[in-house]
Amino acid sequence: MAQLRIAMAQVNPTVGDLEGNCGIVVDYARRAAEAGAHLAVFPEMVVTGYPVEDLALRASFAEASIEAVRGLARRLEDEGLGGLPVVVGFLNRSADAAPRYGRPAGAPQNALALLHGGEVRVVSAKHHLPNYGVFDEFRNFVPGETLPVVRLHGVDVALVICEDLWQEGGPVAAVRDAGAGLLVVLNGSPYERDKDDERLALCQRRAREAGAALAYVNMVGGQDELVFDGDSLIVDAGGELLARGPQFEETLLVTDLELPVAAPAEGAPVPVSGIRIERHVLSEEPVAAYEPLPGRVEPRLDDLAEVYAALVTGTRDYVRKNRFGSVVLGLSGGIDSALTATIAVDALGPERVNVVLMPSRYSSDHSVSDAEELVKRQGVNARTVAVGPMVDAFEAAVEIDGLAAENLQARVRGQLLMTLSNQHGHLVLTTGNKSELATGYSTLYGDSAGGYAPIKDAWKTLVWELSKWRNAEAARRGEVPPIPENSISKPPSAELRPGQLDTDSLPDYEVLDALLDDYVGTDLGRAELVAAGHDAALVDRVIRMVDRAEYKRRQYPPGPKISRRNFGRDRRLPITNRWTAPAGLA
């Protein structure tokens, strides 16, 4: 057996910031070298950030990525790090892919590169291009055809990218026949709730199939609606967990491995399972024996802690990466705005969070006092602007009543927040939840106005759960709970007319969210929903509400994806759509 110390850099790149991302690679490569690592690996497309979407189709961006990787190899050498093999993900272009109809322009590839001695020594592209959920890689890339196997200190190391691990067959199936002792997988794998540790189970299964240890490095951070949670890990050839990084935190996970010494090379590469194996030799001699470091296995967060961390991470990085100095939101005293404000404070600090209390003639005393109590507990910047006179001015100019009058109040508030955004450069945070977004229970250009929506993918019932969890977590740490108890316990209301409650227009949220999750989350049809135990009349009513609100959702700001099927990248339906499943059909 041979020893190998691998350093997995679980880092947070920014899409398009090639210079900054390369700086991250150099910084972590230096830390890896100082830790005595023999190999440093980084996530999928770390040089460009991920996902790049249609930036991949711009020739100038692809060329800049390729040149950045070459420059990165030279910089590592210049800074005394050229002796450490470094594996990075980047945007490449296929040199031999002939242009044809249906192929992405310029033949871009989601690729990896191994840098060593000031040169790009190995280049390979992702084979399996996911085309489901949030992924459009078949639109943006052309597939690779090779499995690179690199001999490093006497160990054969195979290199693949993300989806190549998830799909049956392909390059992973060739690893055993290639005789590799270690399979390294570069990933840009987004967070989803209720994955039930699928990654670990998958890595264990693939390691046993390949007969090789498996190192899975994943990125962290937010990119528009996606949140990457890290959770990098290493298992041995039998599937035993050796090391695991933290969730939602940047880290360098350094691990010592005992791996089989590679067999003597047998000449030209042999095609296996349709995959061309490319062999490269960096060093034949195993390293001298040394005392291995103990394996580091970070504990996993519980369900609600994990969801909350994803919302905070997504909000923090959207603000930071888009260069906003501060945020502003309307604080009503209700649970949605209370949780949104709390997420913002945890993401940015209270000094960068601005709240506006905007009472109207229908605002209850407790709503104002609850909002003021939150301000006191969290120390955010607050101001009160009564919207009554503004509403009166509109009503004096245009005769309105009923729903139009209710929506006017919401639109005045939205206009006020956007005006403060323009004046002071704040990013407006929208406070609506997924239940409201699903049913259209929001005012277009009113409470839906804003630039980012932190709880957009959280059902109302989850909003309550997260708020209770956050308060309990504060109490556990001996801190003042950030959310007033009355904001959690009182019946929800938009307070746009006297005595209004959400239940005047919507079913109880426990019932509604269960139905919505089945309809939106798993695409059950009408008959299937009824068969699942949902009331038939309610099913018909909710389907109508959800389908009619598509035009509103299309205009809603982005927000962090935490569910398997969010509104936005996952669920794409036509706005103009007369299809309704007849009774008895799915």
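Below, all heavy atoms of this structure are taken into account, side chains as well, without hydrogens, waters or symmetry copies. On a predicted model such as this, the values are computed, not experimentally measured, just so you know.
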For Arg206 and Glu168, run salt bridge (charged side-chain N to carboxylate O under 4.0 Å, His left out): C-alpha distance rounded to whole Å, both residues' side-chain angles, the deciding distance at 0.1 Å, then the answer.
CA-CA 9 Å; Arg206 292 288 188 253; Glu168 301 291 339; 3.4 Å; yes
Under 3.5 Å donor-acceptor, [X] side chain and [Y] backbone:
X      : Y      : value
Asp457 : Ser563 : yes
Glu250 : Asn12  : yes
Asn92  : Ala111 : no
Asn322 : Phe324 : no
His127 : Pro143 : no
Thr522 : Asp518 : yes
Lys321 : Gln223 : no
Ser283 : Glu285 : no
Arg176 : Glu209 : yes
Asn187 : Val217 : yes

Any idea how Phe42 and Tyr28 line up, ring-wise: parallel (<30°), tilted (30 to 60°), or perpendicular (>60°)?
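Perpendicular, since the angle between the ring planes exceeds 60°.
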Applying side-chain contact (heavy atoms from CB on, under 4.5 Å) to Phe90 and Val123, what does each step give before you reach the verdict?
CA-CA 10 Å; Phe90 76 112; Val123 173; 4.1 Å; yes
Write down the atom of [X], the atom of [Y], and the distance for their closest heavy-atom approach.
X      : Y      : answer
Asp164 : His128 : OD1-N, 2.8 Å
Val227 : Gly314 : CG2-CA, 3.9 Å
Gly245 : Leu253 : N-CD2, 3.6 Å
Val47  : Cys22  : CG1-SG, 4.1 Å
Ala309 : Phe248 : CB-CD1, 3.6 Å
Leu427 : Tyr318 : CD2-CD2, 3.9 Å

Should Arg193 and Asp303 be marked as a side-chain contact (heavy atoms from CB on, under 4.5 Å) after you check the CA-CA gap, both sets of side-chain angles, and the distance that decides it?
CA-CA 8 Å; Arg193 190 184 186 193; Asp303 176 50; 2.5 Å; yes
For Glu192, what residues pass the salt bridge (charged side-chain N to carboxylate O under 4.0 Å, His left out) criterion, not counting sequence neighbours?
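Per chain and number, Glu192 pairs via salt bridge (charged side-chain N to carboxylate O under 4.0 Å, His left out) with Lys561, Arg564.
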What residues, two or more places apart in sequence or in another chain, satisfy salt bridge (charged side-chain N to carboxylate O under 4.0 Å, His left out) together with Arg30?
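Salt bridge (charged side-chain N to carboxylate O under 4.0 Å, His left out) check on Arg30 returns Glu79.
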About how many Å separate [atom2] of [Y] and [atom1] of [X], when rounded to the nearest 0.5 Å?
X      : Y      : atom1 : atom2 : result
Arg205 : Leu200 : CZ    : CG    : 11.0 Å
Ile343 : Leu311 : CD1   : CG    : 4.5 Å
Leu257 : Leu293 : CG    : CG    : 10.5 Å
Thr461 : Asp513 : OG1   : CG    : 3.5 Å
Glu278 : Leu159 : CD    : CG    : 11.5 Å
Arg554 : Leu573 : CZ    : CG    : 8.0 Å

Show, in sequence, the C-alpha distance, side-chain angles and deciding distance for Asp256 and Tyr290, and conclude whether the side chain to side chain donor-acceptor pair (under 3.5 Å) test is met.
CA-CA 10 Å; Asp256 281 313; Tyr290 62 89; 2.5 Å; yes
Are [X] and [Y] packed together at the side-chain level, in the sense that at least one heavy-atom pair is separated by less than 4.5 angstrom?
X      : Y      : result
Val69  : Leu115 : yes
Arg569 : Pro51  : yes
Asn218 : Pro43  : no
Glu465 : Val307 : no
Val46  : Ile24  : no
Lys456 : Glu225 : yes
Leu152 : Pro85  : yes
Thr313 : Pro560 : no

Is it true that Asp136 and Arg572 make a salt bridge, defined as a side-chain N closer than 4.0 Å to a carboxylate O?
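Salt bridge present between Asp136 and Arg572.
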Thinking salt bridges, do Arg70 and Glu63 make one under a 4.0 Å N-O criterion?
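Here Arg70 does not pair with Glu63 in a salt bridge, since their nearest N and O are not under 4.0 Å apart.
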So Leu304 and Leu462, side-chain contact (heavy atoms from CB on, under 4.5 Å) or not? Walk me through it.
CA-CA 9 Å; Leu304 291 177; Leu462 180 57; 3.8 Å; yes
Heavy-atom count check: over 12 atoms from other residues, nucleotides or ligands less than 6.0 Å from Glu473 CD?
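Yes.
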Tell me whether the count of non-hydrogen atoms from other residues, nucleotides or ligands lying under 6.0 Å of CZ in Arg139 goes above 12.
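No, because the 6.0 Å sphere around CZ of Arg139 holds 12 heavy atoms or fewer from other groups.
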With no hydrogens and no angle check, just 3.5 Å: does a side-chain donor-acceptor pair link Tyr308 and Asp346?
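Indeed, the side chains of Tyr308 and Asp346 share at least one donor-acceptor pair under 3.5 Å.
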The test is side chain to side chain donor-acceptor pair (under 3.5 Å); show your working for Tyr191 and Glu306 and say whether it passes.
CA-CA 9 Å; Tyr191 168 76; Glu306 173 179 282; 3.2 Å; yes
Applying the side chain to side chain contact (heavy atoms under 4.5 Å, CB included) criterion to Val297, which one of Leu242, Leu233, Leu241, Thr255 satisfies it?
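Filter result, single survivor: Leu241.
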Before giving the answer on salt bridge (charged side-chain N to carboxylate O under 4.0 Å, His left out), spell out for Glu34 and Arg31 the whole-Å C-alpha distance, their side-chain angles and the decisive distance to 0.1 Å.
CA-CA 5 Å; Glu34 291 170 351; Arg31 292 170 57 182; over 6 Å; no
Residues Arg279, Asp156; criterion salt bridge (charged side-chain N to carboxylate O under 4.0 Å, His left out); working and verdict:
CA-CA 9 Å; Arg279 297 186 183 274; Asp156 278 350; 3.8 Å; yes
Output, in order, the C-alpha distance, side-chain angles, deciding distance and verdict of side-chain contact (heavy atoms from CB on, under 4.5 Å) for Asp231 and Arg244.
CA-CA 6 Å; Asp231 194 27; Arg244 194 164 200 173; 2.7 Å; yes
Step by step, would you call Arg320 with Asp317 a salt bridge (charged side-chain N to carboxylate O under 4.0 Å, His left out)?
CA-CA 5 Å; Arg320 179 179 66 85; Asp317 277 0; 3.2 Å; yes
